[in-house]
Amino acid sequence: MEKLSKEFYLQNNVVSVAKQLLGKVINYQNDGILHQLKIVETEAYRGFNDKACHASGGMTKRNTVMFMEGGRCYIYLCYGIHHLFNIVTNSEGTADAILVRAVEPVNQSDYIYPATDGPGKWTKAIGLKKDKTGQSLISDELFLTNMPELSDEEIMVSTRIGVDYAGKDALNPWRFYINESEFVSKRLKEDFLLSEL
DNA sequence: TGTAAGATTCTA
DNA sequence: AGAATCTTACAC
């Protein structure tokens, strides 16, 4: 499959890119194994005007990579335990990023993996940790491959999980997931299909 | 140097 | 519903 190019990550609408990422495959070379995981759940975080975003208070040591040019990963430690993986998008100076909340193994033999139905779970399953933050997604070690775009009838829209502290911004419908996937981390009763928007 | 708060997960 | 667990950010 074709590797996603720099141009894909440089798009300036992070909410749109979060939708486009559904169905695409994360390829991660680790321990001599090429892990291939299909993205089934994402959340968009906007650098500007989004209190839920780590960059809303400006640049810090942790979030510096979010301000860099799109096409890198931003991985941080959550609750002292979980390594959460984000895809940085847009041009340099704009701190947009997309959290990958759930994936499913591509190959049948990969189902030996531990659970991959949560943002902290899937990174643990393949040994992807915060020491890889800033890593290019156009590298041989870590990259995404393209897949046919999904239709609006297959995509569910939702509010983002665990960001109540963000007040009004917590209401933004910026979480997306593949409805038919068994690996989605959480379903809310108010979620709806993108085609019904 | 001290402290409060997590983009979560697991258990009771 | 509550604990686990520790880095990060920011106040003093």
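All of these numbers come straight from a predicted model, not from anything done at the bench. Letters A, B, ... are given to chains in the order of the sequence lines, protein chains preceding strands, and every chain is numbered from 1. Heavy-atom basis, side chains included; hydrogens, waters and symmetry copies ignored.
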Practice task
To the nearest Å, give me how far apart CG (Asn63(A)) and P (dT7(C)) are.
Solution key: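 Rounding to the nearest Å, CG of Asn63(A) and P of dT7(C) are 18 Å apart.
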Exercise for the section: Using modelled atom types only, decide if a donor and an acceptor are shared between the side chain of Ser136(A) and the backbone of Ile138(A) within a distance under 3.5 Å. Expected result: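 Here the side-chain-to-backbone pair exists.
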Problem - Transitive ILVMFWY side-chain link Leu99(A) to Val103(A), under 4.5 Å - result: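 No; Val103(A) is not reachable from Leu99(A) via cluster members.
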Handout entry: Under-4.0 Å salt bridge between Lys186(A) and Glu41(A)
Key = no
Exercise for the section: Considering only NZ, NE, NH1 and NH2 on the basic side and carboxylate oxygens on the acidic side, decide whether Arg175(A) and Asp191(A) come within less than 4.0 Å. Expected result: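 Asp191(A) and Arg175(A): salt-bridged.
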Problem - Contact letters for nucleotides 2-12 of chain B, in which S counts primed atoms plus P, OP1 and OP2 and B counts the base, heavy atoms under 4.0 Å - result: ----BBBSS--
Problem - Enclosure of Glu182(A) CD (heavy-atom neighbours >12, cutoff 6.0 Å) - result: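 It does not: Glu182(A) CD has 12 such atoms or fewer within range.
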Completion exercise
Each base of DNA chain B marked ( ) or [ ] if paired in-strand (Watson-Crick or G-U under 3.5 Å), | if paired to another strand and . if unpaired gives ||||||.||||.
Handout entry: Donor on one side chain, acceptor on other, Asp152(A) and Ser195(A), under 3.5 Å
Key =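 Their side chains do not contain a donor-acceptor pair, so the 3.5 Å distance test is not met.
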Fill in the blank from the handout: Tightest non-hydrogen contact, residues Leu144(A) and Leu21(A), listed as CD2-CD2, 3.6 Å
Exercise for the section: Find out whether the Lys NZ or Arg CZ of Arg187(A) is both under 6.0 angstrom from the six-membered ring centre of Tyr177(A) and within 45° of the ring's axis. Expected result: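 Because its charged atom misses either the 6.0 Å distance or the 45° angle limit, Arg187(A) does not stack over Tyr177(A).
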